[in-house]
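First up is the structure itself, then whatever we jot down about it.
We count ligands from 1, going down the list as the structure has it; atoms in each ligand are counted the same way. Note that the structure is a prediction, hence the values are computed from the model and not measured.
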Amino acid sequence: VLCWFYIYPVYRLPRDKEIVEEVLRQGEVWQKNQTGIDLYRKLLTDCCDPRRMFAVTKENSPMGKVLWYDGEFYHSHTVNNETYSLFVQDNPLQLPLKKCAVVGNGGILRHSRCGQHIDQADFIMRCNLPPLSKEYVEDVGTKTHLVTANPSIIEKRFQNLLWSRKAFVDSMKVYGSSYIYMPAFSMKPGTDPSLRAYYALSDTSSNLTMLFANPEFLRTVGKFWKARGVHAKRLSTGLFLVSLALGLCEEVTAYGFWPFSVGLDEQPVSHHYYDNILPYKWFHAMPEEFVQLWHLHKSGTLHMRVGHCP
Ligand code: CDP
């Protein structure tokens with residue numbers, strides 16, 4: 001006999017319209033809550049130790065260490081001479097970071113005029129090598145301190161770096177001298193493109209520093225959010241970065257997180273600020289993630305900017 005709770009889920013995700021209403025009810029009000037900030041930093045430190053573990057380093061991944069891929073089962077990489085030499089010695093960030101901005105790629109950034117606000121932060125994190133060309137500067141800013149790059153971008157946008165290393169290195173210049181954070185040990189097919197990206201940058205004495213995301217950190221952050229009701233095959237890049245920021249920064253503001261097709265003015269919103277290509281449906285659970293982030297916003301732990309900047 002089927003229990004009733006198999007038929008009627010106890011928890012229902014609010015509809016887009018309900019979320020818009022809820023966000024409008026809250027309005028622009030945001031009050032920083034130091035207790036909430038301290039609590040989340042402690043929770044994240046206890047579960048995931050971001051200070052020590054967010055990147056693969058010589059310190060946390062010595063020669064012979066087995067790195068288990070977090071994005072698939074039964075695959076691992078044993079640190080060897082070649083890979084060990086590519087790791088930074090230790091966490092290179094000057095901690096604690098003060099004001100951090102985490103910039104998602106949501107279409108709500110379009111016409112937001114948040115660029116200056118974002119650029120005022122002490123540490124700015126962006127997702128998936130986003131465009132920062134002139135037309136977007138006013139809305140998303142110009143500075144970057146850490147930017148993630150998915151190996152699939154290297155394959156698709158830069159033909160796996162087999163013959164377009166210069167185009168890749170040139171297009172990285174907009175990120176200045178930031179860290180490029182790649183999940184090289186999350187999925188087996190992602191390792192080679194990530195190592196190629198490392199060599200393309202180091203062969204050309206680029207100003208960027210490659211950091212490989214530590215699969216152990218990504219796995220523990222995934223578990224942290226699963227225990228809080230985010231049921232996705234994999235967390236979105238943006239939620240990984242917000243988690244990292246909550247663990248490392250004194251204050252966190254998030255921009256460009258809005259996985260809904262209508263805005264607060266009930267007008268359509270594109271998925272990204274630069275295009276409207278939608279993600280695979282069931283891979284991430286961005287609306288579920290948004291609900292969690294909104295709780296943190298309401299409690300004063302994280303400042304979510306979903307409207308225009310003043
Ligand atoms: O690769 P992924 O689909 O995770 O990310 P993306 O489309 O490049 O966007 C970067 C991040 O911004 C996502 O990981 C989400 O956390 C956030 N995002 C959002 O909240 N709402 C959107 N409409 C688009 C992105």
May I ask you to decide whether [X] forms a salt bridge with [Y], counting only side-chain N to carboxylate O separations under 4.0 Å?
| X | Y | answer |
| --- | --- | --- |
| K17 | E21 | yes |
| K42 | D38 | no |
| E250 | K32 | no |

Query raised in the report: If you count the non-hydrogen atoms of other residues, nucleotides and ligands that lie under 6.0 Å from CZ in R113, is the total more than 12?
Result: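 Open.
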
Note: T237, heavy atoms under 4.0 Å from ligand 1, region reported as both

Check: of P259, C127, G238, G256, min heavy-atom distance to atom 18 (N) of ligand 1 comes from G256

Nearest non-hydrogen contact to atom 21 (N) of ligand 1 from the set Y273, W258, F290, Y274 belongs to W258

**Q.** Aromatic ring proximity H111/H308, centre distance under 6.0 Å
**A.** no

Polar-atom distance check: N105 versus ligand 1, any N or O pair below 3.5 Å?
-> yes

Which of the numbered atoms in ligand 1 are below 4.0 angstrom from a heavy atom of [X]?
| X | result |
| --- | --- |
| G104 | 12 (O) |
| H272 | 6 (P), 7 (O) |
| G106 | 22 (C), 23 (N), 24 (C), 25 (C) |

task = Hey, can you tell me if Y40 and W225 have their rings parallel, tilted or perpendicular (30° and 60° cut-offs)?
result = parallel

